[in-house]
Each structure stands twice: as C-alpha cells, then as structure tokens.
Number of protein chains: 2
Amino acid sequence: MKQSTSIQDYLKRIYELTEDGSPASTNDLARELNISAPSVTGMIQKLAAEKPALVEYQKHQGVMLTPIGKKAALEVIRHHRLLEVWLVQTLGYSWDEVHEEAERLEHVISEDFERRIAAALGHPTRDPHGELIPTADLKMPVDDSTPLSALRPNQFATIQRVNAQDPNLLRHLVGLGLTPGIQIEVMEYSSFDNNLTVKAGQKIIVLGLNITTKIFVEIK
Amino acid sequence: MKQSTSIQDYLKRIYELTEDGSPASTNDLARELNISAPSVTGMIQKLAAEKPALVEYQKHQGVMLTPIGKKAALEVIRHHRLLEVWLVQTLGYSWDEVHEEAERLEHVISEDFERRIAAALGHPTRDPHGELIPTADLKMPVDDSTPLSALRPNQFATIQRVNAQDPNLLRHLVGLGLTPGIQIEVMEYSSFDNNLTVKAGQKIIVLGLNITTKIFVEIK
DNA sequence: CATAAAATTTAGTTAAGACTAAATATATTT
DNA sequence: AAATATATTTAGTCTTAACTAAATTTTATG
C-alpha cells in the first residue's frame with residue numbers, strides 16, 4: 001500500500017492536472033514530471049493494472065485518479081503543504097525556498113511525523129503560498145477563489161493564493177508586494193494582450209496573463 | 001558526487017564497523033544492512049571502482065573507507081544525529097522513536113536544511129542518545145568514554161552515551177533510569193557471566209554484557 | 001597438515017523505472 | 001476527405017540494486 005517516490009510524484013501531478021475534471025494527457029504529465037512520454041505511458045499502465053487500481057486509463061484518452069489514487073495523492077499533497085508551513089514557521093525558510101525541500105521530504109515522513117507537525121503548527125489550513133492543505137482525513141477543502149485574470153477594472157479583491165513554485169517568479173511577486181492577504185484593485189484591462197493593471201498598496205503594476213492566471217483572489 | 005540512499009547506508013555502516021580501525025567484513029556488513037552477502041560484495045566492488053574511490057577493498061580482506069568515503073559517511077551521520085536532536089527538541093519525539101524517522105530523513109535533507117537546524121538547535125554536540133555529532137566540517141570529535149562492561153566494583157561513573165537503536169531496549173533503559181548524564185556506581189562483578197551490579201540513584205540493577213557493552217561512561 | 005566449516009565471491013536473474021527509435025492512432029489543415 | 005502534424009503507444013535497452021545457486025577462498029579443526 002505504500003508507494004514509491006516516483007509513483008507518489010505521478011499521482012500528485014495527475015491530481016493537479018485533473019483538478020478541472022478532465023483527464024490528464026500523457027504529454028502533459030511527461031512535461032510536468034520531466035520524464036519522457038513513453039516512460040509515462042508505461043507507468044500509467046502499471047498504475048492502472050494495480051489491484052486496487054490507482055488510476056483509470058483508456059488508451060489515448062488520458063488518465064484520471066480512482067478514489068484510492070486520489071487519497072494517495074492527497075496524502076502526498078498534505079505532506080508537502082504541511083512541510084512548507086513548517087519550514088517557513090520553524091526554520092525561517094522564505095516562500096520561494098520551501099518547495100524544493102518539501103518536494104523531497106514529502107515522500108519519507110511518517111504519519112506520526114505528519115500528525116506532530118500538524119499539531120505543532122495548530123492544524124493550518126493553507127500553505128505559505130495560500131494553497132489549501134488537504135484535511136487529516138484526506139479531503140480537499142473547497143476553494144472559492146478566482147484567477148486574477150478573470151477580473152476587470154473597478155473590481156476589488158484580496159489575494160488568496162499563488163499557484164507557482166518557480167523561485168524567481170515568487171521572489172518577483174514578493175518584490176511587487178503581491179502575496180496572500182494583500183488587497184488589490186484592478187485599474188485597467190487590455191483585451192489585446194490580456195494585461196491587467198492593478199493597484200496594490202501604493203504601487204501600480206501591469207501584469208501579463210502568465211502571472212494573472214497564477215494569482216487567485218477573493219473578490220470583494 | 002551525491003550518493004544514492006543505499007550507497008549512503010553502506011558508507012554509514014562501514015564507518016561504524018571500522019571505527020575500531022579494522023576492516024569491515026562482507027558478512028558483518030550484510031547483517032547490519034539486512035542485505036545478502038553477494039549483494040554486499042557487488043556494492044563494495046562498485047564503491048571501490050568509483051573515481052574517486054569511496055572504499056578501499058581487497059578481496060576477502062574486508063573494506064575500509066577512503067578519506068572521501070569517510071567524509072560522505074560523516075555527512076550522513078551528522079544529518080542523522082542532528083535530525084534526532086531536532087525531532088526530540090521540537091516535535092517531542094522520545095529517544096526510542098527518533099531513530100527510524102531520522103533514518104529516512106537523513107538521505108533527503110539539503111545542506112541548507114542541515115545548517116538551519118544546527119543553528120536553530122544551538123549547534124549541539126551530542127544526539128539524544130549521547131552520541132557525538134560530527135562537526136560541520138565533517139570531523140568526528142574524539143570520544144573519551146569507556147564501555148560500562150570494563151568497569152569493576154567501587155568505580156563511579158557518569159553515563160555518556162548509549163549505543164543502541166532498538167526501541168525496546170531503549171525504553172527498558174529509561175525504565176531503569178539509565179540515560180545519559182546519570183551517575184552510577186559499580187557494586188559487584190561476576191566473572192562467570194560478566195554481569196555487573198550497579199547502583200543508579202536509589203536503584204540496584206544487575207546488567208548483562210549485552211547491555212553493559214552498549215552503555216559508555218566517563219569514569220569519575 | 002588434510003579436511004570440514006565458514007566466509008566470500010562469481011555468475012546469472014529479477015524488478016523498478018528510466019530511456020530512444022519506430023509504429024500507430026488521433027487531430028488539424030487544406 | 002486526404003494529407004500532414006501531433007500525440008501516444010509499442011518494442012527493446014539500460015542502470016541500479018537487490019536476489020539465489022554455485023564456486024572458490026580462507027579459517028578452523030581433527
């Protein structure tokens with residue numbers, strides 16, 4: 001019942017890619033995992049053949065997680081996000097440094113360790129990027145946020161989460177003052193390049209689609 | 001230059017088995033690692049063939065670590081022991097619970113993580129069992145302790161370290177009040193079974209060789 | 001010191017999980 | 001709807017690190 005590190009990575013990526021309800025394609029998975037497409041096909045077939053199956057798979061149609069696969073994925077994601085909070089709170093990591101460390105630790109911590117850090121941290125519900133942490137019974141809380149890219153001028157919002165791991169992007173956002181909890185107002189929208197001009201604190205900032213699709217907000 | 005988990009385990013065990021200056025035998029290594037002897041031979045040959053070599057190996061003569069292999073081993077041991085302190089101090093693990101968790105974590109933490117916990121803990125010199133922690137520049141501090149088994153009646157000593165990982169034994173010792181820092185007096189010695197009768201606090205305790213060779217003391 | 005026992009190594013397999021090259025299926029374009 | 005482009009799968013290989021069975025070397029014993 002305990003999966004290898006690489007199986008856990010597959011399940012986690014499949015979870016992320018199927019959050020919208022549509023199956024994950026072999027190619028998308030290959031890209032996300034930095035693994036060749038044929039290797040991905042092989043692993044998917046293996047996961048689908050397990051008893052009980054961890055994924056549902058039809059040739060050329062992509063993969064979805066079975067309920068069991070989903071539990072396993074949420075377990076890894078819970079580990080990852082709790083670890084991120086823990087690294088930031090107790091060891092002074094910054095939000096652009098935690099991802100890589102958590103990525104390795106998530107596979108080796110015990111359930112006991114998980115319980116201990118969750119308790120020590122006061123059972124946090126979000127990681128340092130504002131992402132929701134799956135509950136101890138492995139349910140993902142419902143997320144009511146909207147991508148910033150969907151907002152238009154004169155809308156006010158609070159940043160809830162930033163769906164990114166790239167340290168450079170994260171540091172850039174800190175520099176701009178765009179972190180969870182921050183209030184913003186949309187000033188302008190350009191339909192040509194989908195740029196949004198937003199006001200955060202005193203700053204007026206122009207953001208491209210690449211950034212606005214990664215920032216999720218609660219509309220005021 | 002970064003070794004696999006299993007190579008790290010080999011190096012660590014070889015370090016422990018060669019601390020007395022004599023080479024580690026294939027069989028001893030196999031037993032310590034829970035791996036078959038032929039597998040051990042294979043791995044040893046591989047480690048000896050690396051450039052630079054991690055071990056010195058002559059057929060049928062056992063293995064020793066090269067200076068480079070020793071550094072690598074001390075790195076893993078430093079990780080392990082710092083993690084044990086960390087788990088006890090910040091997450092409330094008891095000394096019989098830490099070993100297993102540290103055993104998995106030691107292979108995946110970054111040098112940055114190592115530095116952060118070392119600093120957060122105030123650069124401890126011993127782990128929860130009293131074992132010395134290799135320094136940041138990977139030197140093992142000299143150990144001046146004596147096995148309790150070498151003491152005789154009327155000698156007084158302080159327990160410095162307990163060289164054991166078995167949770168049952170460790171809990172047993174806590175029950176007997178035999179933990180690092182505790183003062184003891186040797187009352188009796190039996191040359192027949194090598195039992196020692198010691199006084200720790202109020203208690204009078206008879207200990208077999210299996211235990212007295214694992215407890216290391218500083219003679220008063 | 002010859003022989004039995006124990007330790008070690010060699011030889012050959014296996015499993016996981018990656019890879020490339022080639023084949024095939026699906027999707028897109030004209 | 002045919003032709004092309006893209007995505008996916010199949011087939012076969014490689015590496016790591018384990019295994020067992022058999023051969024060999026070393027050590028211990030009679």
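Scope of the values below: all heavy atoms of this structure, side chains included, with no hydrogens, waters or symmetry mates.
Applying the 4.0 Å criterion to OP1 and OP2 of D:dT8, one finds that A:Tyr57 has every side-chain N and O outside that range. Applying the 4.0 Å criterion to OP1 and OP2 of D:dT8, one finds that A:Gln45 has every side-chain N and O outside that range. Under 4.0 angstrom from either OP1 or OP2 of C:dT10 there lies at least one side-chain N or O belonging to B:Lys59.
Rounded to whole Å, the distance from CD1 on A:Ile44 to P on C:dA16 is 17 Å. The distance between atom CG of A:Leu33 and atom C1' of D:dT8, rounded to the nearest whole Å, is 16 Å. For A:Asp9 and C:dA16, the CG to P distance is 17 Å, given to the nearest whole Å.
Nearest heavy-atom pair across A:Ile14 and A:Met64 is CG2-C, 4.5 Å. Nearest heavy-atom pair across A:Ala24 and A:Leu17 is CB-CB, 3.7 Å. Shown here for B:Leu196 and B:Leu148, the closest heavy-atom pair between the two residues is CD1-O, 3.2 Å.
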Base versus backbone protein contacts along nucleotides 13-21 of chain D [heavy-atom cut-off under 4.0 Å; B, S, -]: ---SSSBBB
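In this structure, A:Phe113 has its ring center closer than 6.0 angstrom to the ring center of A:Trp86.
Listed by chain and number, the residues in a side chain to side chain contact (heavy atoms under 4.5 Å, CB included) with A:Glu188 are A:Thr197 (sequence neighbours excluded).
Put simply, the side chain of B:Pro180 does not reach to within 4.5 Å of the side chain of B:Arg126, judged on heavy atoms.
Crowding of A:Glu56 atom CD: a count of heavy atoms from other residues, nucleotides or ligands under 6.0 Å not exceeding 12. More than 12 heavy atoms of other residues, nucleotides or ligands sit less than 6.0 Å from atom CD of A:Glu111.
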Give every pair of a protein N or O atom and an N or O atom of nucleotides 5-7 of chain D that lie under 3.5 Å apart, one pair per line with the distance.
none

